[in-house]
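Order of appearance sets the numbers: ligands from 1, and atoms from 1 within every ligand.
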Amino acid sequence: MKSIAVVGANLAGGRAVESLRQAGFDGRITLIGEEPWRPYERPPLSKEVLWDPANVPDNFFLHDEAWYADNRIDMRLGVRAEALDLTAGGVRLGGGELVQADRILLATGGSARKLNMEGTDAANVHYLRTRDDATRMAADLKDGARIVIIGMGVIGAEVAASAIKLGCRVTAIEPFAAPMIRALGPQFGQWLGEEHRQRGVDTRFGRGVNAMRVLDGRVTQVELDDGSLVDCDAVVVGVGIVPETSLAKDAGIVTNNGIIVDRQCRTSNENVFAAGDVAEQDSFFGGHIRQETYQNAADQAQAAALAMLGQDVDYCKPAWYWSDQFDLNIQFCGHIPAQAEVTLRGDMASNQFTAFFRSGETIEGILTVNRAPDMGIGKRLIERRAKASAGQLADADVSLREILKQAG
Ligand SMILES: Cc1cc2nc3c(=O)[nH]c(=O)nc-3n(C[C@H](O)[C@H](O)[C@H](O)COP(=O)(O)OP(=O)(O)OC[C@H]3O[C@@H](n4cnc5c(N)ncnc54)[C@H](O)[C@@H]3O)c2cc1C
């Protein structure tokens, strides 16, 4: 094998090219990315970049420019891959150029889902996926500005926290009864909603949006489904992502919610692989899942790189993610099983606790709030399908390491 093309130059694409070289691949690597930037970190976009867009954190980029030159990565940035040409063996760029490749990795991630209503493209309506999105949004998050947030998933909740920090007046609208409810479940979703309320967010949970009212190209009011109107200077929409599956679909590769891959990260075409937010793979708990987490994008891309080189790979990990909001570091690993038994360690009132979600005796999900050390061991408890009683988990004198040891 002489050449590999990676489509998508963000986290998964960036980690994949790194892993290819680390594993000793000496052939041609082309990294094709639609954004003008070399691979960078998205987590700071809802935090540090909004606070101060002119000064991105030191470790914002995965590597400096010299690294790509030193590692002979042929960078095609600001360029969209238009099609896979599986007959000619490569990726077709805009303008018709063919990047020839024996193997292709699709690391195309997703783009922010747009609201389907008048005003969705107004100048003061913001979506957050890219660095450029964050820079534009930051200009509207001014002290005293009235910001309406539509959708209180992770992105909406993080932007709400940043907007409060910047002195904005924030109204958050969420059709579910609490923020991040699908990720945290109702009990901890309610807890998080209360944290937002206490810090000044005007929470309108259990409410949808009927319309946005536009005046001179800007949205000035948002109408809720109870008929109430909220005045605003800007709107932030956080209603999920649409996975970028079109290259695969158009080439006849099997897709569902994402691009279907096996545990080698191989698609239905033997020379095409996929990793990161766009890939749908076996879930650790059965069925299929498309994860939208940082760690998965990094680890799955590494697995895909090794598999493309012919190494034996069997990638299947439980999800793990973190979210920073106000002074809360929230981490979750695994999933919340149906009819979960919930056990608490620590103190919710002081925002330092760990919650365990069990199916029978087996720990399948762990939530930590300002207790990151528990997550270090917690991840391993989930991976080993460790069992424990509610008494052991609730008792802070029983170390999680001990429970891990018992799991063997
Ligand atoms: C604001 C924000 C904060 C986040 N915070 C956290 C966090 O705290 N914790 C956590 O676990 N996760 C977080 N995430 C999620 C995490 O960043 C993603 O899971 C990760 O970026 C996925 O990486 P990816 O490379 O698979 O996809 P993406 O990051 O979506 O990158 C895909 C790239 O492919 C490019 N592309 C797509 N189609 C084409 C094409 N046809 N041709 C060329 N290029 C193309 C896109 O332009 C994009 O640059 C956050 C995400 C955002 C947006």
Nitrogen or oxygen of Arg129 less than 3.5 angstrom from that of ligand 1: yes
Nearest-neighbour protein heavy atom for atom 29 (O) of ligand 1, which is reported as residue plus atom name and distance: Arg42 NE, 2.6 Å
Nearest non-hydrogen protein atom, atom 9 (N) of ligand 1: Trp322 O, 3.1 Å
Check: Ser228 side chain, Leu224 main-chain N or O, donor-acceptor pair, under 3.5 Å: no
Side chain, backbone, both or neither: Glu34 near ligand 1, heavy atoms under 4.0 Å: both
Shortest protein contact, atom 49 (O) of ligand 1 (heavy atom only): Glu35 OE2, 2.6 Å
Identified side chain to side chain contact (heavy atoms under 4.5 Å, CB included) partner of Asp374 from the options Lys379, Gln331, Arg345: Arg345
Residue-ligand contact Asn296/ligand 1, heavy atom below 4.0 Å: no
Contact atoms of ligand 1, heavy-atom distance to Gly109 under 4.0 Å: 27 (O), 28 (P), 30 (O), 32 (C)
Six-ring centre of Phe284, Arg385 cation under 6.0 angstrom, axis tolerance 45°: yes
Shortest protein heavy-atom distance from atom 15 (C) of ligand 1, along with the residue and atom involved: Glu292 O, 4.0 Å
Residues Asp70 and Arg21 bridged, charged N to O under 4.0 Å: no
Residue, atom name and distance, where the atom is the protein heavy atom closest to atom 42 (N) of ligand 1: Ala81 N, 2.9 Å
4.0 Å heavy-atom contact, Glu82 with ligand 1: no
Asp64, CG atom: more than 12 neighbouring heavy atoms under 6.0 Å: yes
Near-ring test His335/Phe357, centroid separation under 6.0 angstrom: no
Shortest protein contact, atom 22 (C) of ligand 1 (heavy atom only): Asp277 OD1, 3.2 Å
Top protein contact for atom 35 (C) of ligand 1, by heavy-atom distance: Gly8 CA, 3.8 Å
Closest protein heavy atom to atom 37 (C) of ligand 1, given as residue, atom name and distance to 0.1 Å: Thr108 O, 3.2 Å
Arg263/Asp314 ion pair, N-O < 4.0 Å: yes
Ligand 1 N/O within reach of Tyr294 N/O, cut-off under 3.5 Å: yes
Nearest-option assignment for atom 2 (C) of ligand 1, heavy atoms, candidates Leu45, Ile155, Leu77, Leu84: Ile155
